[in-house]
Each structure stands twice: as C-alpha cells, then as structure tokens.
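As the structure is a computational prediction, the values presented were derived from the model and not from experiment. Chain letters run A, B, ... following the sequence lines, proteins first, then strands; residues in each count from 1.
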There are 2 protein chains.
Amino acid sequence: MKPDAVDKIVHQWQQEIPGLATDAMATLGRLKRCSVLYQPLLDAVFSRFELTSWEFDVLATLRRAGAPYSLTPTALFSALMVTSGTMTHRLKSLESRGWIIRESNAQDARQKRVRLTEAGFARIDKALPEHIANMEAMLQGLNRQQRAKLDEALTGLLAIFEQIHADSPGLSRGLSDKTHRL
Amino acid sequence: MKPDAVDKIVHQWQQEIPGLATDAMATLGRLKRCSVLYQPLLDAVFSRFELTSWEFDVLATLRRAGAPYSLTPTALFSALMVTSGTMTHRLKSLESRGWIIRESNAQDARQKRVRLTEAGFARIDKALPEHIANMEAMLQGLNRQQRAKLDEALTGLLAIFEQIHADSPGLSRGLSDKTHRL
DNA sequence: TTATTTTATCTTGAATTCAAGATAATTTAT
DNA sequence: ATAAATTATCTTGAATTCAAGATAAAATAA
C-alpha cells in the first residue's frame, strides 16, 4: 500500500528521534485526519439545502426526538457537545430563519422549549435522505467485512473516550458547562 | 455491551423513520464523536506546557522536518490542513512568543522561511514525550490485536478520504487555498 | 418564611478560523 | 522585451466557538 500522510509523519519522527513510540500517534493521527477530511464532504451536501453542518445537526436532533419535535436548550447542547452559549447563538439564528421557535415552559419558567417548525421539519426531511446517501457513498470503497471491522474498532475506541469522559467530565468541552455536570 | 451515544441516536432514527439506512451514519458518527471527545484529552497535556493544540502542531511539524527546522508557510498550512490566512495568524502569534522566526529567502523573495528558535525547539522537545505518553495511555484499554485492527480500519478509511481529496481538492478546506492546488 | 443553593438559559468578549481578495515576486508565453 | 499567468504570502471581515459570568427561577435548608 502507498504510504498515507500519517506514514510520512511517522517516518519523519523516526528519522529525527529513532525509537520514538509512534504507534498511538499514528492511529490517533489517522482518526484526526479522517475527521478533518470528512467534514467538508458532509458540508457539500448540506449546502445544497442551504444548511450548514451545525444547522443540520440541531434540526436533526429535534427531528429524531419525535413528535412534538421539542427539546430544551440544555438537552440540545448536551447532545451536540457544545457549550450553552454556542447553543444560544445557534437557536437565535435558526429562529430567525424560521426553522425553530422558542416557547416558554409553564411548568418551569427557567426552561424554554425549542420546537421544530413545519418549515424546519420539511427542510430536515428533505436533506436527510441525501445526507444518508452521501455517507453511504463514502463507505462504498469498503466491503461488508471491512465496514463491520471499522465500526467495531470505532465502537471500542468510543467506549474508551466515553468512559474517560464519564470519569472526568471536566476534560470534555461543552459538557463542562458550569451547570451541566453529567 | 452497553449502548453508546450513537446507538441511542440510531435507535431514535429507527423509531421515527423505520428502515432508515443508519449503518454509515453510525460508523461516521462514532468517528466524529471520537474526535470531539479526544481533542480535550490532548489539550490537557499541552496546557501543562503553556501550549495550545495548534501551537503544538506547528512546532511539531517544524521539529520533525529535521535540521535546520525550517519550512515555508505554504508547506506548513498544507501539512496542517488549514488556510494560508490561518497560518499567517498562527505564525505571527508564535513569533511574538519567541518560538519561531520568519526569515526572507534570498532565492525567491516571495517565500519566507519559518524556523524554529532554540526556545521553540526546547519547548516542543519537552512536551513531546508527555504527548506521546498521553496518546499511548488512551489506547491502553485496547489489547495489541484490537489496536492493530483499529489502526488497520482507520488506515483504510483515511485512504478513502485521501483519494476523494486527490480527485476533488475543492472539497477539502485549507488545501483549497486559491493558489495551492495539489 | 427567609436564605441559600442549584438549575437553566443567556450575554459578553476574546480567540480561532475561513473565504475572498490584495500585494508582490517569479515564471511563462508572445 | 513585454505581457500575462502563476505562485507565495498576507490582510480584512464575517462566522463560529468557548470561558466566564450575569440573570432569573426553582428547590432545599434553616
């Protein structure tokens, strides 16, 4: 196989510092590089629906929550792993676009409820099939067994990171919001 | 195994839209989630050396290039997958911190050369062993075979993304810089 | 009841990034 | 030799994000 970008980095390090423990660096470097290269491929589809990636994420989170397609800001920023301040900005923008509305909660006046509008629902349901197709297309280069192994490996890795996060939530962004300690 | 965050998302989608093709979404969702949870774990170590993640990345790229630890801004922003403008900001900041200097190139006056200072070299060489140890520790939860499978799977995925990028560089950020078409 | 603590959201200011375009040097074409 | 195209870097302005803290409501304690 042709050396990839990470192979070249590892080779450089070995030249400079022979014997350096580069195995973990290589694997996690590939993880990082995959996610950097992958994001614009998603954006290419979202932009066809005049959506950004984060707009899609918020709408999709509300959509899959099921009727009445309504969540609190806290539920949203927790699910999306961003801070509360980020979510405030996002909701303001999405509301101005007419895709969500923010309603007061009679039971608990501290809470707002964020609800998908009909326009928001229509938008996400139009974009979703193409988003799904896009992701499926990306993995077309892998056969069934390779895909299974990839998912299995990432499942194991995610379990590690979720465990670390459960043990020390302060190490994770977003969820470390002052008042949101899981 | 206990369901992870992605299992829950997939389950929600299946409830709302039975039969939706969620396999690729699940795998790539795990990829994304891993990289989001992973970054703050790196930052925790970098911060002990008064470094941010991107500062480490620039210094490390220069360090592993070997003596005289000098690269052009274009080589740096290409390697780090950011735009030229981003690199200008980074270099300005790193220069003010005394970790790099920018020199003119007599051969080609368009080029500058970015060179690691002694202070920059010392800083990266002090942080590197702990960064390596940190990454190794993250993967301690996997046995030798699991680590091999993870790396193999990510290598295959990265090959896909590098191929897509090679075919249509416009889909990748940073490298789509006007004058930098690989 | 009143005070304290906790919970939920929002505001502010700084940092980082990108896209687009400006500037200037070099190379290529005519 | 001159013009045009290319290359390399930097500048600007807008978007996004976070950390810290402000605000206000609800729950708990005294």
Side-chain angles (χ1 to χ4, degrees), chain A residues 36 39-40 43 46-47 50-58 71-97 100 102-114 169-182, chain B residues 36 39-40 43 46-47 50-58 71-97 100 102-114 169-182:
Chain A
V36 169
Q39 186 60 54
D43 295 340
F46 295 146
S47 70
E50 291 172 291
L51 287 168
T52 62
S53 195
W54 65 256
E55 286 169 337
F56 180 92
D57 287 342
V58 174
L71 293 169
T72 63
T74 297
L76 282 167
F77 76 66
S78 300
L80 293 165
M81 300 194 288
V82 297
T83 62
S84 59
T86 297
M87 191 50 60
T88 299
H89 288 309
R90 290 185 176 186
L91 296 177
K92 192 174 296 180
S93 171
L94 288 169
E95 189 164 39
S96 78
R97 296 253 244 157
I100 62 152
R102 281 184 284 188
E103 310 170 313
S104 296
N105 182 334
Q107 276 71 49
D108 186 337
R110 290 169 304 181
Q111 286 188 19
K112 317 268 167 155
R113 300 291 302 191
V114 178
L171 287 175
S172 299
R173 267 178 303 190
L175 297 181
S176 68
D177 205 70
K178 273 281 172 28
T179 60
H180 182 70
R181 308 206 175 281
L182 292 181
Chain B
V36 169
Q39 186 60 53
D43 295 340
F46 295 147
S47 70
E50 291 172 290
L51 287 168
T52 63
S53 195
W54 66 255
E55 286 169 336
F56 181 93
D57 287 342
V58 175
L71 294 169
T72 63
T74 296
L76 281 168
F77 77 66
S78 301
L80 293 165
M81 299 193 287
V82 296
T83 62
S84 60
T86 296
M87 190 51 59
T88 299
H89 288 308
R90 289 184 176 188
L91 296 177
K92 192 173 296 182
S93 170
L94 288 168
E95 189 164 39
S96 77
R97 296 253 247 155
I100 61 151
R102 281 184 284 189
E103 310 167 313
S104 295
N105 183 334
Q107 274 72 48
D108 186 338
R110 290 170 304 179
Q111 286 188 17
K112 317 266 165 156
R113 300 292 301 193
V114 178
L171 288 176
S172 298
R173 269 178 302 189
L175 296 180
S176 68
D177 204 73
K178 273 280 173 31
T179 60
H180 182 72
R181 307 206 177 280
L182 290 180

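Look at CD on A:E55: it is 10 Å from P on D:dT17, rounded to the nearest Å. Distance B:Q107 CD to D:dA8 P: 14 Å, rounded to the nearest Å. Distance CZ (A:F77) to P (C:dT7): 12 Å, rounded to an integer number of Å. The nearest whole Å value for the distance from the CH2 atom in A:W54 to the P atom in C:dC18 is 18 Å. If you measure from atom CD of B:Q39 to atom P of C:dT16, you get 13 Å, rounded to the nearest angstrom. Atom CG of B:D57 is separated from atom P of C:dT16 by 13 Å (rounded to the nearest Å). Atom P of nucleotide C:dT26 and atom NZ of B:K112 are separated by 12 Å, given to the nearest angstrom. Atom CZ in A:R110 sits roughly 12 Å away from atom C1' in D:dT28 (whole-Å rounding).
Residue-to-nucleotide proximity on DNA chain D shows that, of B:T72 and A:D108, the 5′-proximal contact is made by B:T72. Where A:A109 and B:M87 meet DNA chain D, the nucleotide closest to each residue was compared, and B:M87 sits on the side nearer the 5' end.
Under the 4.5 Å side-chain criterion, counting only non-hydrogen atoms from C-beta, A:P73 is not in contact with A:T88. B:T72 places none of its side-chain heavy atoms less than 4.5 Å from the side chain of B:K112. Using a 4.5 Å heavy-atom cutoff, the side chains of B:F56 and B:D43 are not in contact. Contact check for B:R90 versus B:L80: side-chain heavy atoms found under the 4.5 Å cut-off.
Here the CZ-CG distance, from B:F46 to B:D57, works out to 6.0 Å after rounding to the nearest 0.5 Å. Rounding to the nearest 0.5 angstrom, the gap separating the CD1 atom in A:I100 from the CD atom in A:E55 is 10.5 Å. Separating the CG atom in A:D108 from the CZ atom in A:R110 is a distance of 4.0 Å, to the nearest 0.5 Å. Here the OG1 atom belonging to A:T52 is positioned 7.5 Å from the CG atom belonging to A:L94, to the nearest 0.5 angstrom.
Listed nucleotides D:dA8, C:dA8, D:dA19 differ in distance to A:Q111; the shortest reach to its side chain belongs to C:dA8.
The phosphate of C:dT17 has OP1 or OP2 within less than 4.0 Å of a side-chain N or O from B:R90.
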Between the protein and nucleotides 2-5 of chain D, which nitrogen or oxygen pairs are less than 3.5 angstrom apart?
none

Taking N or O atoms only and anything under 3.5 Å, show me the protein contacts with nucleotides 11-13 of chain C, one pair per line.
| from | atom 1 | to | atom 2 | distance (Å) |
| --- | --- | --- | --- | --- |
| C:dT11 | OP2 | A:K92 | NZ | 3.2 |

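Electrostatic pairing of B:E50 and B:R97 does not count as a salt bridge here, judged by no charged N lying under 4.0 Å from a carboxylate O.
Here B:R102 lies in heavy-atom contact (under 4.0 Å) with sugar-phosphate atoms only.
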